[in-house]
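Worksheet for the structure shown next.
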There are 2 protein chains.
Amino acid sequence: MQDFPLDQILCGECIETMRSLPDASIDCIFADPPYNLQLRGELRRPDETVVDGVDDAWDKFADYATYDNFTREWLAEARRLLTKDGTIWVIGSYHNVFRLGAIMQDLGFWILNDIVWRKANPMPNFRGRRFTNAHETLIWAARGPESKYRFNYQAMKALNDDMQMRSDWYLPLCTGNERLRNAHGLKLHPTQKPESLLHRVLIASTVVDDIVLDPFSGSGTTAAMAKRLGRRFIGIERHPDYIEAARARVEAETRLSDDQLAITPAKRELPRIPFGSFVEQGALPAGTELFDRQRRLSATVMPDGSLVSGSHRGSIHKMGAILTNAPSCNGWTFWYFERQGEVLQIDILRTEQAQTPLRNVG
Amino acid sequence: MQDFPLDQILCGECIETMRSLPDASIDCIFADPPYNLQLRGELRRPDETVVDGVDDAWDKFADYATYDNFTREWLAEARRLLTKDGTIWVIGSYHNVFRLGAIMQDLGFWILNDIVWRKANPMPNFRGRRFTNAHETLIWAARGPESKYRFNYQAMKALNDDMQMRSDWYLPLCTGNERLRNAHGLKLHPTQKPESLLHRVLIASTVVDDIVLDPFSGSGTTAAMAKRLGRRFIGIERHPDYIEAARARVEAETRLSDDQLAITPAKRELPRIPFGSFVEQGALPAGTELFDRQRRLSATVMPDGSLVSGSHRGSIHKMGAILTNAPSCNGWTFWYFERQGEVLQIDILRTEQAQTPLRNVG
DNA sequence: CTGCTCTATGAATCGATGC
DNA sequence: CGCATCGATTCATAGAGCA
């Protein structure tokens, strides 16, 4: 893989260029494919040619078929490039998103969420004939149903005032200084995506040094945000104007420092501390009584870190499950103990330990 | 058309029963087809209670192809039944909505909007493995690109405090007293839709006496709201329990008077929470009498959130101004209503709401 | 009646690791 | 691969119950 084109915007056709990359080499894909259907009363094929004289149903179907074939081809390549546990984001509007989603399912992708980007400042509907088209849809999918995909749950929660991030995101359009412009001061690219959108996508589904591919790179928002957030990137784009602007944009971008890149870690990724170590260290000596929140159940701590209650003996988890007749139980949050007259959840021991330098484990 | 089954819930299979109806006989269709959820195991909340998921036989399909065939068949029938200028609403989630949309396009439907129903109180993601699935999608489509479809633009604008109604709608789930229950106090139907959703759909895309078809009638929300709003309806349902409950529900429903049903071109006004959203959600239902502090003036609430008094019609602000001969008026503090024998300023609705933010924007 | 706490529940594709 | 074990994880509402 010595010639793997990392941190570059490649010039070429999307499908052809993807074919030059090896299997299972990409951690995450963000794709903003052409919509190009039924705009301004004329239909366009993905290659930008105009479909003429289409007002019967057959021609329309023929045109959908052309779009579908193109879509199936690039999505199949995308799936080949993804690692086993990789995920893909595809953005679209009602013109094309239903075709995208159906083809993704047919190819074996496993949809995880559909995300609604609610635009803070959408263009109004000037003729008053429809609802203001105030959103676009992102499809987030794993390579397949068995993928152990990455989702930085705690980071998303932190981004949303410590509440679960929902599937509807309220973000402004890309305007003002963020919008790339040509020499005439006109917008360089018709559909430049806001950096905030890519920020959330990358923070949610990738980690530092992951490789991110954008097969329709355009103005380079994905590449720029990947660089800023310490991810590696590959962009594919065929228009020289866009490539030139995107390369300059990436060049001007600065990678944040490692400190700045740290996100709220998932608890399951923190070092595991066995309950027994607190018994060993005397924080919770053998013989201590534990009880549940309502103080209806109790158990005694044994020297090996197991609990005993009546004729039952087992781990903090197993004993919680047995005594409540539940299939499973998180003992850390189920059991309480008393310290200096205060009733405390045993999970507090792990929290306290994480803050003190005294660490024999992990 | 003498045997045309108006204002009835028909018992039968969806496709077969639709075949018995004549071409071009329906003005508007609302369809809530099976979602093909593909749930695998049991899901528990963090407190170990079990989530009552959708495990009914009607939602199980062998594979995508089977689901697609079913979808293509009923949608083809739906298109045959629609008048030339008729429109259809189809609701779904990411499990099925992409297949619905693509097949609709293939059949010749012309998508007008995709509407996002943002749920005010969705079920959280209990395992922290995805974004909270906090919305469902409605596809609104005309029979074809040449349809001169109906869109009550001014009514929608009036419902949204005189700003264009956007494609993202924020509405609560169907819970509490609105939810139909069986003899055991359990929910009768696993997916009963809120009345506020159908209220907005019908006010947006139909007029009084239009014929509305719901091929998956279920608990009868479409039929009930059609009756209340003076539309004619046909429901199709195959489960006897649902039919029985829906018929009783429709029977108990009252049609609003013609005065209350006239929707209007409204004028201007601004603020944060649209007055109309309280009408939609039933906090201040259409037909409610409002009056001023001294109870000298009064006006009636219309389904689109406007007020009518004598020959005057307008927003809560405009009507306050007109009736007092003032240049302007803050309708929120001018109008009062009665609730459980208590006289309350309508502004209290916003105060109550502030604790549970209900807005279409922001 | 009031105000507070407690409980129930909603269209849900909802583990990871080690033996 | 199967199986056992560890242990991570929830938000908005409505309504009941209680003081």
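Each chain gets a letter, A, B and so on, in the order its sequence line appears, and its residues count up from 1. All of these numbers come straight from a predicted model, not from anything done at the bench.
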Q.
Under 4.0 Å from OP1 or OP2 of C:dT7: is there any side-chain N or O of B:R45 that close?
A. no
>> Using a heavy-atom cut-off of 4.0 Å across all strands, would you classify B:P122 as base, sugar-phosphate, or nothing?
In response: base
Expected label for C:dT13 (glycosidic angle, syn inside 90° of 0, else anti) would be syn
**OP:** Using a strict cut-off of less than 4.0 Å between a Lys/Arg side-chain nitrogen and an Asp/Glu carboxylate oxygen, indicate whether A:D162 and A:K157 qualify as a salt bridge.
**Re:** no
What's the closest nucleotide to the side chain of [X] if the choices are [options]?
X      : options               : result
A:Q164 : D:dA8, D:dC6, D:dC11  : D:dC11
A:M163 : C:dT13, D:dA12, D:dT9 : D:dA12
B:Q38  : D:dC11, C:dT13, D:dG7 : C:dT13
B:R127 : D:dG7, D:dT10, C:dT13 : D:dG7
B:Y35  : C:dA12, C:dA11, D:dA8 : C:dA11
A:W332 : C:dA11, D:dG7, C:dT13 : D:dG7

| task | For nucleotides C:dA11 and C:dG15, find the distance between their C1' atoms and express it as a whole number of Å. | result | 23 Å
Atom CZ of B:F126 and atom P of C:dA8 are separated, to the nearest Å, by 14 Å
From NZ of B:K60 across to P of C:dA11 the rounded distance in Å is 16 Å
Its dot-bracket string being built from Watson-Crick and G-U pairs below 3.5 Å, with | for another strand and [ ] for crossing, DNA chain C has the pattern .|||||||||....|||||
Sorted by number, residues from residues 46-58 of chain B placing a heavy atom under 4.0 Å from DNA chain C are B:V51, B:D52, B:G53, B:V54, B:W58
message = Whether A:R295 engages the ring of A:Y336 as a cation-pi pair (distance to the six-membered ring centre under 6.0 angstrom, angle to the ring normal within 45°) should be assessed.
response = no
Distances for protein N/O vs nucleotides 14-16 of chain D N/O pairs under 3.5 angstrom?
unit_1, atom_1, unit_2, atom_2, d
D:dG15, OP1, B:N177, N, 3.0

